[in-house]
S.K.: 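My questions will all concern the structure given below.
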Amino acid sequence: MARTSAEDACPGALQVHQAADGPLVRIRLPGGMITAAQLAALGAVSSQSGSGTLELTSRGNVQLRGITDVTAAAEAIADAGLLPSTTHERVRNIVASPLSGRTGGKPDLRPWVGELDAALCAEPRLAELGGRFWFSLDDGRADVSGLRADIGVHAFPDGYALVLAGRDTGVRLAAGEVVEKLITLAMRFVDIRGKAWRVQELDDVRRMLPGAEPGATSFPAVTKAPVGWIGQDDGRVTLGAAVPLGVLPARVAEYLAAIEAPLVITPWRSVLVCDLSEEVADTALRVLAPLGLVFDEHSPWLTVSACTGTPGCARSAADVRADAGRSLDADSTVHRHFVGCDRACGSPLAGEVLVATPDGYRRL
């Protein structure tokens, strides 16, 4: 169903959302990639003029809550290099396989993230996409195609499949065609969208690509983050750290930044600390685990998530994060997402969604 609102209210670093606990800013991180210095800068903003936490989103972005000086926060974000375009800052939504180029022997799609971001920002009309529209780049391991981004590519042996709303269109692209084709399709969406903000809200998705027939089934949804000690193809190590309920204390962000390694925020609200020697990885693991980051792939924290809930959201009927934390079940094999109202923000595409009511929780 298409949205009836003609105004895009999705927050960014400049257009803030007035949440129940104060102004909220959202910083887009194409491909989830962020440097140690940039993470430290966001931690400082949150500590000095915010809630003292960073929220990791289901699109690999970061939110800061309770900002007391919105102008100063925007300046700090820009100074950190996280605001390269004031006109397109809310539409720089690009998710990519977080481990691409580091492990698994798959094609390295990381260069495409920067190329796509630059091409997106260079086209004035694409500022009209809105903050919910996003792109996916899957290196063939089938981790992000199942998130059902609006348009993307998925690497196959016979080429790069063009994907619409999580479905293979049957169209195959050569590597050199990918970025240009994604931009062309995004422009097509701007031309035909009407009141729709997402491809899946169009009355007929085939209008995006006349002549193509998207498959009947979507790529399977992935709900668990890659965690623990992850060996890279080059002999170095990535540490995968799940962040319980996506709430990263600014103090812990400072510890992550102090490692001075490349970082990736994943769509499963976790952090990858990359390109470490075994010695540095071992030391970092011993420091970070006691701070509340989760490195155990069997931890019940990997099977539960939640929206903001009270007190941050006025619509919420409960403190869903607290309830989610109390619900941990080591034997659960089903992902459970707790939400405070029927909007069900941040819900994954698999598992159960539990909605707060005056009498407890019900399944959505």
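Both backbone and side-chain heavy atoms feed into the values below; hydrogens, waters and symmetry mates do not.
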S.K.: Could you check whether Arg336 pairs with Glu352 (Lys NZ or Arg NE/NH1/NH2 to Asp/Glu carboxylate O, under 4.0 Å)?
M.R.: no

S.K.: Tell me whether Val227 shares a hydrophobic cluster with Leu291, the cluster being built from Ile, Leu, Val, Met, Phe, Trp, Tyr side chains joined at under 4.5 Å.
M.R.: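 No, Val227 and Leu291 fall in different hydrophobic clusters.
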
S.K.: Check whether any side-chain heavy atom of Asn93 lies under 4.5 Å from a side-chain heavy atom of Asn61, and answer yes or no.
M.R.: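 Yes - at least one pair of side-chain heavy atoms lies under 4.5 Å apart.
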
S.K.: Backbone N or O of Leu42 within a donor-acceptor pair of the Ser46 side chain at under 3.5 Å?
M.R.: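 Not confirmed, Ser46 side chain does not pair with Leu42 backbone.
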
S.K.: Could you go through the side-chain contact (heavy atoms from CB on, under 4.5 Å) check for Ile67 and Leu24 one step at a time?
M.R.: CA-CA 6 Å; Ile67 300 299; Leu24 175 151; over 6 Å; no

S.K.: For the CD atom on Glu278, are there more than 12 heavy atoms of other groups (residues, nucleotides or ligands in this structure) within a distance under 6.0 Å?
M.R.: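 It does not: Glu278 CD has 12 such atoms or fewer within range.
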
S.K.: Would you kindly say whether His335 and Thr303 are connected by a side-chain donor-acceptor distance under 3.5 Å?
M.R.: no

S.K.: Ring centres under 6.0 Å, that's the criterion: do His154 and Tyr160 meet it?
M.R.: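 So the answer is no for these two rings.
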
S.K.: Return the minimal non-hydrogen interatomic distance between Ser270 and Ala242, and the atom names on each side.
M.R.: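 Heavy atoms only, the tightest pair is CB-CA, 3.7 Å.
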
S.K.: Is the closest side-chain heavy-atom distance between Asp275 and Gln232 below 4.5 Å?
M.R.: yes

S.K.: Find out whether Val91 and His88 are in side-chain contact, i.e. whether some heavy atom of one side chain is under 4.5 Å from a heavy atom of the other.
M.R.: yes

S.K.: Are any side-chain N or O atoms of Ser277 and backbone N or O atoms of Val280, one a donor and one an acceptor, separated by less than 3.5 Å?
M.R.: yes

S.K.: Checking Ser347 side chain against Ala344 main chain: does a donor-acceptor pair fall under 3.5 Å?
M.R.: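 Looks like yes, one N/O pair under 3.5 Å.
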
S.K.: Against Pro98, only a single residue in Asp143, Ile265, Val271, Thr238 fulfils side chain to side chain contact (heavy atoms under 4.5 Å, CB included); can you say which?
M.R.: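 With Pro98 as partner, Asp143, Ile265, Val271, Thr238 yield a single side chain to side chain contact (heavy atoms under 4.5 Å, CB included), made by Asp143.
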
S.K.: Closest approach of Arg92 and Pro30, non-hydrogen atoms and distance?
M.R.: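 Smallest interatomic distance, heavy atoms only, reads NH2-CG, 3.4 Å.
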
S.K.: Are Leu56 and Tyr255 linked, directly or through intermediate hydrophobic residues, by side-chain heavy-atom contacts shorter than 4.5 Å (ILVMFWY only)?
M.R.: yes

S.K.: Determine whether a donor-acceptor pair (N or O, by modelled atom type, separation under 3.5 Å) exists between the side chain of Asp138 and the backbone of Ser145.
M.R.: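 Yes, Asp138 side chain to Ser145 backbone: donor-acceptor pair under 3.5 Å.
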
S.K.: Working to the nearest 0.5 angstrom, can you tell me the gap between Ile230 CD1 and Arg236 CZ?
M.R.: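 One finds 14.5 Å between CD1 of Ile230 and CZ of Arg236.
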
S.K.: So, the side chain of Ser47 versus the backbone of Ala44: is there a donor-acceptor pair under 3.5 Å, distance only?
M.R.: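 A pair under 3.5 Å: no.
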
S.K.: Answer yes or no: is there a side-chain heavy-atom contact under 4.5 Å between Phe189 and Leu202?
M.R.: yes

S.K.: Checking Val153 against Leu182 for the side-chain contact (heavy atoms from CB on, under 4.5 Å) test, could you report, in this order, the C-alpha distance in whole Å, the side-chain angles of both residues, the deciding distance, and whether it holds?
M.R.: CA-CA 8 Å; Val153 291; Leu182 293 181; 4.3 Å; yes

S.K.: When you measure from the side chain of Glu177 to the backbone N and O of Ala174, does any donor-acceptor pair fall under 3.5 Å?
M.R.: yes

S.K.: Minimum heavy-atom separation for Ala127 and Thr87, please, with both atom names.
M.R.: CB-O, 3.6 Å

S.K.: Where the side chain of Gln48 meets the backbone of Val45, is there a donor-acceptor pair that is under 3.5 Å apart?
M.R.: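 Here the side-chain-to-backbone pair does not exist.
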
S.K.: Name the orientation class of the two ring planes belonging to Phe135 and Phe133 (parallel below 30°, tilted from 30 to 60°, perpendicular beyond 60°).
M.R.: perpendicular

S.K.: Could you tell me whether the side chain of Asp108 and the main chain of Pro111 form a donor-acceptor pair under 3.5 Å?
M.R.: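 Judged by distance alone, no pair lies under 3.5 Å.
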
S.K.: For Arg125, I'd like to know if atom CZ has over 12 heavy atoms of other residues, nucleotides or ligands within 6.0 Å.
M.R.: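 Enclosed: over 12 neighbouring heavy atoms sit under 6.0 Å from CZ of Arg125.
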
S.K.: Are there more than 12 heavy atoms of other residues, nucleotides or ligands under 6.0 Å from atom CZ of Arg110?
M.R.: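 Yes, enclosed.
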
S.K.: Atom OG1 of Thr308 and atom CD of Gln63: how far apart are they, to the nearest 0.5 Å?
M.R.: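 Spacing of OG1 (Thr308) from CD (Gln63) equals 6.5 Å.
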
S.K.: Are Val179 and Val113 linked, directly or through other ILVMFWY residues, by side chains that come within less than 4.5 angstrom of each other?
M.R.: yes

S.K.: How about Thr310 and Arg315: do any of their side-chain heavy atoms sit closer than 4.5 Å?
M.R.: no

S.K.: Rounded to the nearest 0.5 Å, what separation is found between the NE2 atom of His17 and the SG atom of Cys313?
M.R.: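 Between atom NE2 of His17 and atom SG of Cys313 there are 6.5 Å.
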
S.K.: Consider only side-chain heavy atoms of I, L, V, M, F, W and Y, link residues closer than 4.5 Å, and tell whether Leu164 and Trp112 are in one cluster.
M.R.: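 Leu164 clusters together with Trp112.
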
S.K.: Look at the side-chain heavy atoms of Ile, Leu, Val, Met, Phe, Trp and Tyr, link any pair under 4.5 Å apart, and say whether Val62 and Val144 land in one connected group.
M.R.: no

S.K.: Go through it in stages, so that I can follow the logic: the residues are Leu116 and Ile183, the test is side-chain contact (heavy atoms from CB on, under 4.5 Å), and I'd like the CA-CA distance, side-chain angles, deciding distance and then a yes or no.
M.R.: CA-CA 8 Å; Leu116 179 58; Ile183 294 297; 3.9 Å; yes

S.K.: Less than 4.5 Å apart, any side-chain heavy atom of Leu129 and any of Asp150?
M.R.: no

S.K.: Flag the pair Met33 / Leu29 as yes when at least one side-chain heavy-atom distance between them is below 4.5 Å, and no otherwise.
M.R.: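 No, their side chains stay 4.5 Å or more apart.
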
S.K.: Give me the atom names and distance for the closest heavy-atom approach of Cys274 to Ala261.
M.R.: O-CB, 3.4 Å

S.K.: Considering non-hydrogen atoms only, spot the tightest contact between Ser136 and Ala149 and give its length.
M.R.: CB-CB, 3.7 Å

S.K.: Between Ser316 (side chain) and Gly312 (backbone), is there a donor-acceptor pair under 3.5 Å?
M.R.: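 Checking the backbone N and O of Gly312 against the side chain of Ser316, no donor-acceptor pair under 3.5 Å is found.
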
S.K.: Using the salt bridge (charged side-chain N to carboxylate O under 4.0 Å, His left out) rule, pick out the option among Arg198, Lys195, Arg132 that qualifies with Asp8.
M.R.: Arg132

S.K.: To the nearest 0.5 angstrom, please state how far the CH2 atom of Trp268 sits from the OG1 atom of Thr57.
M.R.: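 Output value for this atom pair is 12.5 Å.
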
S.K.: Is the count of non-hydrogen atoms from other residues, nucleotides or ligands lying under 6.0 Å from Arg172 atom CZ greater than 12?
M.R.: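 Yes, enclosed.
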
S.K.: Given Val199, which of Arg193, Met208, Arg167 fulfils the side chain to side chain contact (heavy atoms under 4.5 Å, CB included) condition?
M.R.: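 With Val199 as partner, Arg193, Met208, Arg167 yield a single side chain to side chain contact (heavy atoms under 4.5 Å, CB included), made by Met208.
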
S.K.: Checking Asp204 against Arg207 for the salt bridge (charged side-chain N to carboxylate O under 4.0 Å, His left out) test, could you report, in this order, the C-alpha distance in whole Å, the side-chain angles of both residues, the deciding distance, and whether it holds?
M.R.: CA-CA 6 Å; Asp204 187 349; Arg207 293 173 61 200; over 6 Å; no

S.K.: With side-chain contact (heavy atoms from CB on, under 4.5 Å) as the test, would you mind laying out the steps for Leu64 and Ile27 before giving the verdict?
M.R.: CA-CA 8 Å; Leu64 306 180; Ile27 302 96; 4.0 Å; yes

S.K.: Less than 4.0 angstrom from a charged side-chain N to a carboxylate O is my criterion; do Glu89 and Arg28 meet it?
M.R.: no

S.K.: Nearest 0.5 Å, what's the CG-CG distance between Leu39 and Leu248?
M.R.: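 Leu39 CG to Leu248 CG: 6.5 Å, rounded to 0.5 Å.
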
S.K.: State the CG-CG distance between Asp139 and Leu99, to the nearest 0.5 angstrom.
M.R.: 8.5 Å

S.K.: Are Ser100 and Lys106 packed together at the side-chain level, in the sense that at least one heavy-atom pair is separated by less than 4.5 angstrom?
M.R.: no

S.K.: On a heavy-atom basis, which atom in Leu239 and which in Ala284 lie closest, and how many Å separate them?
M.R.: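 Smallest heavy-atom distance, with atoms named: CD1-CB, 3.9 Å.
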
S.K.: Counting only heavy atoms not in Arg362 (residues, nucleotides, ligands), do more than 12 fall under 6.0 Å from its CZ?
M.R.: yes

